[in-house]
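Notes to accompany the following structure.
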Amino acid sequence: MNTITVFKGDGIGPEITDAVLDILNAAKADLSYEIFNVGEAVYKKTGEFIPQEGFASFEKNKILLKSPITTPIGKGFRSLNVTLRNKYDLWANIRPAKTNPCLNTLFSNVDIVTFRENTEDLYVGKEEVIDDDTVIAYKIITRKASTRIIKAAFEYAVNHGRKKCTCVHKANILKKTDGLFLSIFEEIAKQYPSIEANSLIVDNTCMQLVMDPGQFDVFVMPNLYGDIISDLTSGLIGGLGLLPSCNKGDEYAMYEAVHGSAPDIANKGIANPTALLLSACMMLDDLGQGDVAASIRRALDQVFAQQKYLTPDLKGHATTREFVEAIKSQIKR
Ligand code: ATP
């Protein structure tokens with residue numbers, strides 16, 4: 001039995017967490033949970049976004065299933081997501097986007113795994129006011145952080161039978177920062193002759209993705225491009241409600257949906273819990289409970305194929321609860 005820490009988050013966070021835990025229980029995942037409310041609502045009550053017991057639980061269990069937490073735009077505190085990634089040195093953000101043949105999507109052949117560097121680039125959040133009319137932001141790229149994420153992408157490619165690894169950058173303009181990332185990629189690629197390696201400028205990558213996504217396999221890129229490109233890949237497979245992720249370091253792992261807290265649909269009972277559910281499946285795979293993950297993925301496919309219980313983001317009319325019950329009844333079959 002593995003004990004994991006669970007953060008419930010803001011907006012749709014509590015709804016999708018309850019949905020996922022319900023499904024994990026139905027699938028008889030061999031897990032016990034230490035569950036914490038975190039985020040804006042908790043801050044308003046206690047003055048802390050994440051209670052100290054929540055941090056302590058994660059430090060003990062090393063595995064966190066985390067719901068989205070709201071990040072106010074333009075002012076106030078640093079993103080809690082970014083804080084968690086840095087505090088626990090969760091340097092690899094892995095985001096697999098795969099077309100589900102049971103859903104009607106524009107493309108039938110998307111199968112892209114994005115490796116996003118997770119600790120630096122513009123996400124260091126270091127900005128300076130020069131004068132009233134001028135501000136600057138620091139874009140930090142280091143050899144250490146670039147090397148480990150690029151190696152992780154190639155290792156993944158080798159271990160998962162992938163054929164190609166593409167480095168996404170803007171080194172034609174950012175010659176020093178992205179230039180360093182690209183040069184490290186080119187060096188490391190030589191150590192993996194069985195994997196085809198190429199590089200692409202980020203704007204061209206966007207265009208190629210919407211024209212012909214089937215040409216891509218494994219992506220590796222600095223932090224900000226990873227944020228943007230992975231949202232784009234989620235659009236190719238049916239939307240943000242479907243894209244899982246894990247954030248890994250040497251010691252800790254945090255599994256979360258790629259989407260935010262979706263305040264526009266919070267408390268309406270219509271959120272799609274699939275992204276968090278598939279993140280939980282990635283967690284189960286890593287915990288050696290791949291059979292449980294497989295049974296959940298099978299049930300999900302069957303529910304998608306029926307088309308009857310799709311949530312509104314997938315052009316359906318079902319509530320979160322109806323969707324969850326449909327998955328649970330497939331698992332029990
Ligand atoms: P953040 O900046 O925190 O990542 P965001 O600006 O990307 O957040 P989201 O909260 O991810 O925004 O939401 C973007 C859109 O996608 C919203 O219209 C939201 O309702 C929709 N959306 C996101 N997640 C889901 C979900 N699980 N189910 C249904 N719709 C979702």
Side-chain angles (χ1 to χ4, degrees), residues 4-11 13 17 36 38-40 42-43 48-52 54-73 76-96 113-127 137-153 156 168 177 181 219-231 234 240 243-261 275-276 278-280 282-283 286:
I4 65 159
T5 304
V6 180
F7 286 177
K8 275 187 143 182
D10 293 308
T17 309
F36 299 88
V38 305
E40 259 189 331
V42 178
Y43 177 75
E48 283 181 321
F49 285 98
I50 298 174
Q52 288 312 310
F55 286 120
S57 168
F58 183 29
E59 282 161 28
K60 172 173 63 77
N61 298 325
K62 318 273 191 220
I63 305 280
L64 173 62
L65 182 64
K66 182 191 141 292
S67 251
I69 303 175
T70 300
T71 300
I73 295 176
F77 59 93
R78 193 172 184 210
S79 156
L80 285 176
N81 304 315
V82 176
T83 303
L84 280 166
R85 290 170 192 164
N86 282 295
K87 186 172 164 70
Y88 297 104
D89 197 22
L90 302 167
W91 49 267
N93 192 328
I94 305 161
R95 300 181 157 186
V113 182
T114 298
F115 277 70
R116 167 187 177 186
E117 200 291 317
N118 220 16
T119 60
E120 54 184 31
D121 191 6
L122 284 162
Y123 275 71
V124 294
K126 192 165 173 333
E127 296 179 299
Y138 287 85
K139 177 177 163 96
I140 312 280
I141 301 285
T142 66
R143 183 173 298 280
K144 180 183 169 197
S146 306
T147 301
R148 62 189 181 180
I149 190 71
I150 292 165
K151 272 197 171 158
Y156 177 92
V168 178
T177 46
F181 192 88
F219 271 149
V220 63
M221 61 195 81
N223 207 336
L224 181 64
Y225 309 143
D227 183 35
I228 298 165
I229 293 288
S230 59
D231 262 33
S234 86
L240 273 173
L243 193 65
S245 80
C246 73
N247 301 262
K248 282 187 183 169
D250 297 328
E251 207 181 339
Y252 297 95
M254 174 171 88
Y255 299 82
E256 62 179 346
V258 164
H259 60 74
S261 59
L276 188 64
L278 291 175
S279 308
M282 291 173 84
M283 176 186 76
D286 289 344

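All residue numbers in this chain count up from 1 along the given sequence.
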Between Val168 and Tyr225, which heavy-atom pair has the shortest distance, and what is it?
-> O-CD1, 3.9 Å
At their closest point, which heavy atom of Ser279 faces which heavy atom of Ala275, and how far apart are they?
-> OG-O, 2.7 Å
Side-chain contact, heavy-atom cut-off 4.5 Å: Arg95 with Asp227?
-> yes
Pairwise side-chain contact, Ile69 with Ser261, heavy-atom cut-off 4.5 Å (strictly under) = no
Can you tell me if Ser67 uses its side chain to pair, donor with acceptor, with the backbone of Gly9 under 3.5 Å?
-> no
Heavy-atom pair of closest approach, residues Ile94 and Met282 | O-CE, 4.0 Å
Atom of Pro244, atom of Val258 and distance for their closest heavy-atom approach | O-CG2, 3.7 Å
Judged by atom type as modelled, is there a donor-acceptor pair below 3.5 Å linking the side chain of Thr5 to the main-chain atoms of Ser57?
-> yes
Between Ser245 (side chain) and Glu256 (backbone), is there a donor-acceptor pair under 3.5 Å?
-> yes
Would you check if the side chain of Asp10 reaches a backbone N or O of Thr70 as a donor-acceptor pair within less than 3.5 Å?
-> yes
Can you find a heavy atom in the side chain of Phe7 that is under 4.5 Å from one in the side chain of Thr17?
-> no
Euclidean distance, Tyr252 OH relative to Asp89 CG, rounded to 0.5 Å = 10.5 Å
Heavy-atom check, side chain of Leu65 versus side chain of Leu276, under 4.5 Å | yes
Within-4.5 Å side-chain heavy-atom neighbours: Ile140 and Lys126 = no
Which word best sums up how the rings of Tyr88 and Phe58 line up, parallel for under 30°, tilted for 30 to 60°, or perpendicular for over 60°?
-> perpendicular
One should read off an interatomic distance between Ser146 OG and Ile141 CD1, to the nearest 0.5 angstrom, of 5.5 Å
Side-chain touch Tyr123/Leu224, heavy atoms, less than 4.5 angstrom | yes
Considering all heavy atoms of both residues, which atom of Phe49 and which atom of Leu80 are nearest to each other, and what is their separation?
-> CB-CD1, 3.2 Å
Indicate yes or no for a side-chain donor-acceptor contact from Glu120 to the backbone of Ala145 under 3.5 Å, with no hydrogens or angles considered.
-> no
Pick out which of Lys87, Lys60, Lys62 makes a salt bridge (charged side-chain N to carboxylate O under 4.0 Å, His left out) with Glu251.
-> Lys62
To the nearest 0.5 angstrom, please state how far the CZ atom of Phe55 sits from the CG atom of Leu84.
-> 6.0 Å
Hey, what do you get for CZ (Arg116) to CE (Met221), rounding to the nearest 0.5 Å?
-> 10.0 Å
When rounded to the nearest 0.5 angstrom, what distance separates CE in Met283 from CG in Leu64?
-> 9.5 Å
Distance in Å, Asn118 CG paired with Ile149 CD1, rounded so as to fall on 0.5 Å steps = 7.5 Å
What heavy-atom pair brings Pro68 and His259 nearest, and what distance separates the two atoms?
-> CB-O, 3.7 Å
Asn247 (side chain) donor-acceptor with Met254 (main chain) under 3.5 angstrom = yes
